[in-house]
Engineer: 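Provided herewith is a single structure, encoded as structure tokens, for subsequent inquiry.
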Amino acid sequence: MNYILTAEGISKTFDDKTIFSGLDIHLPEGKTVALLGPSGIGKTTLMNILSGVMLPDRGKVTLCGEDITGKPGHISYMQQKDLLLPYYTVLHNVALPLIIKGVKKKEAMERARQYFDFFGLQGYENKYPSELSGGMRQRAALLRTYIQSDKVVLLDEPFGALDAVTRAKMQKWYLEISKELGLSTVIITHDTDEALILADKVYVMGEGLRVIDIENKPDDFELTEEFIRLKKEIVSLL
Amino acid sequence: MKKQKSITDILLPLGVFALIAVLWFVITGTEVVPGFLLPSPTKVAIAFVKDIPTIMGHTGYTIAESVIGMGISIVIAFFAAVIMDKFACIKKAFYPLLVVTQTIPAIAIAPILVLWFGFGIAPKVILIVIVCFFPVAVGFLDGFASVDADEIKLLCSMGANNIQIFRHLKLPRSLPHFFAGFKVSSSYCIVSAVISEWLGGTNGLGVYLNRVRSSYDYDKMFAVIILVSVLSLMVMAVISVLEKKLMPYRDK
Ligand SMILES: Nc1ncnc2c1ncn2[C@@H]1O[C@H](COP(=O)(O)OP(=O)(O)O)[C@@H](O)[C@H]1O
Ligand SMILES: [Mg+2]
């Protein structure tokens, strides 16, 4: 298997509290991997380490074979909050990763503008984040994440704050665009259904780490018996 | 968040001002108070119009001092805040000193400043800086500190350096706090300039006030007192316009 992102032997301790030790994560290219677990188990901490904004005590993160442990800027990271900056327009927010990389503001905004249609954000370019609904804000944050890196995206409970209807829509939408754009995604969730719907592989963080592979998902996977079976299995692991 | 002012919000304070004006007319009209102690509004207006060239000359001088003083305050406050934000130990060491400067009565140090720096513009500008620096510096400091740790993490994950974090997070986040401090400062600014001129100078509204007081021209005095508050109000209005221009997102 060809892995675009791997984390091997990751250990992290805060003060005296060991969050995890010797953790391995493998993300195949073009696939989605879910990290599932109750809150406080260390999912966000693991994301911080994968993204490079936090150093692990031990272990190595590699992107396409290159060591990026503790080196941010290579893969994009959407945190639990959308963190759209209230003083920039949606277009400016979305173009920010390019501006940080040194692209001139005007050109960065032109480049970012081209994706607005695809992300269902057309017409919102010059609005401020406070004028957007929850779902729209999430789309904008996702587009910013995609523009930051079109290789690997890390999503920390991206749909957690949305209402059930909007969340279901966004999950469907994300499945489509991630396939179309060929994204490799690590997504955090504490929702078993969401993990099963979105992921090709689920890491269940409970007592230790367990891996569940989901291969050849049929359409309307969430209505099949296989889905129920996997759900039961995951619940028993948590 | 949109903040709409209702009509009563505007009418009520206007009514109070109008009431004071009427009272003033009535009191002076009925001569309950002798005319030389409290001149009537018409007399004050006439005194103002008659002396306009002189008053305007002094006004220009006072405004110039205020603008220079305020400008210097902002520049110093900005750099002081940046340094204190960067080095926590410097903040710990100097913050109490800043607070102490706020407890010094401006009126008491103005003559000392005149003694040290003469009758020119220097002691006025220095007094304005002493008075205005603090609210602006605290505004910047609070603003820099208001940046969310997750926002910094976001910019870091994009590979941003410290200057970019400052440019895209700290600076814009500090603007509302800066303006809050700037408004407070600006309301002290003109008054500080006038006090400072009063206590020793050759030009400015304070000097003019002192002169007309010596010659018992109370109508002129009242005219300038009103002018000083109008100037302060105008400064605040200019700042409000600036605030709207720089932070258009706040009205959304
Ligand atoms: N910077 C930190 N310093 C100390 N403890 C932390 C820090 N970040 C997270 N933790 C602790 O690590 C544990 C895991 O947190 P987190 O990764 O946010 O969990 P999750 O995202 O799964 O809800 C929590 O108990 C939290 O209190
Ligand atoms: Mg979390």
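Throughout, a chain's letter reflects where its sequence line sits, starting with A, and its residues are numbered from 1.
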Engineer: Would you indicate whether the side-chain heavy atoms of Arg173(B) and Pro86(A) approach each other to under 4.5 Å?
Structural biologist: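 Yes, at least one pair of side-chain atoms sits under 4.5 Å.
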
Engineer: Just verifying a value: how many Å separate Glu151(B) CD and Leu84(A) CG, rounded to the nearest 0.5 Å?
Structural biologist: 10.0 Å

Engineer: What's the spacing between Ile165(B) CD1 and Ile100(A) CD1 if we round to 0.5 Å?
Structural biologist: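 It comes to 8.0 Å.
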
Engineer: Please classify the contact of Leu85(A) with chain B as side chain, backbone, both or neither, using a heavy-atom distance under 4.5 Å.
Structural biologist: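 Leu85(A) touches chain B through side-chain heavy atoms alone.
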
Engineer: Could you give the distance from CG (Leu83(A)) to CG (Leu169(B)), rounded to the nearest 0.5 Å?
Structural biologist: 9.5 Å

Engineer: Please flag which part of Ile75(A) lies under 4.5 Å from any non-hydrogen atom of chain B: side chain, backbone, both or neither.
Structural biologist: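 For Ile75(A), the backbone is the part near chain B, not the side chain.
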
Engineer: When you look at CZ of Phe78(B), are more than 12 heavy atoms from neighbouring residues, nucleotides or ligands closer to it than 6.0 Å?
Structural biologist: yes

Engineer: Just say parallel, tilted or perpendicular for the rings of His92(A) and His168(B), cut-offs at 30° and 60°.
Structural biologist: perpendicular

Engineer: Any idea which heavy atoms bring Cys156(B) and Pro72(A) closest together, and the distance?
Structural biologist: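 That would be O-CB, 3.2 Å.
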
Engineer: With a cut-off of 6.0 Å (strictly less than), are more than 12 heavy atoms of other residues, nucleotides or ligands near OH of Tyr124(A)?
Structural biologist: no

Engineer: Dump the intermediate steps for side chain to side chain contact (heavy atoms under 4.5 Å, CB included) on Leu96(A) and Leu155(B), then the final yes or no.
Structural biologist: CA-CA 9 Å; Leu96(A) 194 58; Leu155(B) 275 264; 4.2 Å; yes

Engineer: So Leu154(B) and Arg144(A), side chain to side chain contact (heavy atoms under 4.5 Å, CB included) or not? Walk me through it.
Structural biologist: CA-CA 11 Å; Leu154(B) 171 75; Arg144(A) 179 184 62 195; 3.6 Å; yes

Engineer: Nearest 0.5 Å please: distance from the OG atom of Ser157(B) over to the CD atom of Gln79(A).
Structural biologist: 6.5 Å

Engineer: Heavy-atom distances under 4.5 Å only: say whether Tyr77(A) touches chain B with side chain, backbone, both or neither.
Structural biologist: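 For Tyr77(A), backbone and side chain are both near chain B.
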
Engineer: Does atom CG of Leu12(B) have more than 12 heavy-atom neighbours from other groups under 6.0 Å away?
Structural biologist: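 Buried by this count: over 12 neighbours within 6.0 Å.
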
Engineer: Would you say that more than 12 heavy atoms from the other residues, nucleotides or ligands in this model lie under 6.0 Å from the CD1 of Ile107(B), or not?
Structural biologist: no

Engineer: Within a radius of less than 6.0 Å around OH of Tyr88(A), do more than 12 heavy atoms belonging to other residues, nucleotides or ligands occur?
Structural biologist: yes

Engineer: If you round to the nearest 0.5 Å, how far is OG1 of Thr44(A) from NZ of Lys153(B)?
Structural biologist: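 Between atom NZ of Lys153(B) and atom OG1 of Thr44(A) there are 6.5 Å.
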
Engineer: Please classify the contact of Asn161(B) with chain A as side chain, backbone, both or neither, using a heavy-atom distance under 4.5 Å.
Structural biologist: neither

Engineer: Check the surroundings of atom OH in Tyr61(B): do more than 12 heavy atoms from other residues, nucleotides or ligands lie under 6.0 Å from it?
Structural biologist: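 It does: Tyr61(B) OH has more than 12 such atoms within range.
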
Engineer: Flag yes if more than 12 heavy atoms outside Phe17(B) fall under 6.0 Å of its CZ atom; otherwise flag no.
Structural biologist: no

Engineer: Assess whether atom CZ of Phe79(B) is packed by more than 12 heavy atoms of other residues, nucleotides or ligands within 6.0 Å.
Structural biologist: no

Engineer: Arg167(B), Gln164(B), Met247(B): which one forms the most heavy-atom pairs within less than 4.5 Å of chain A?
Structural biologist: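 The answer is Gln164(B).
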
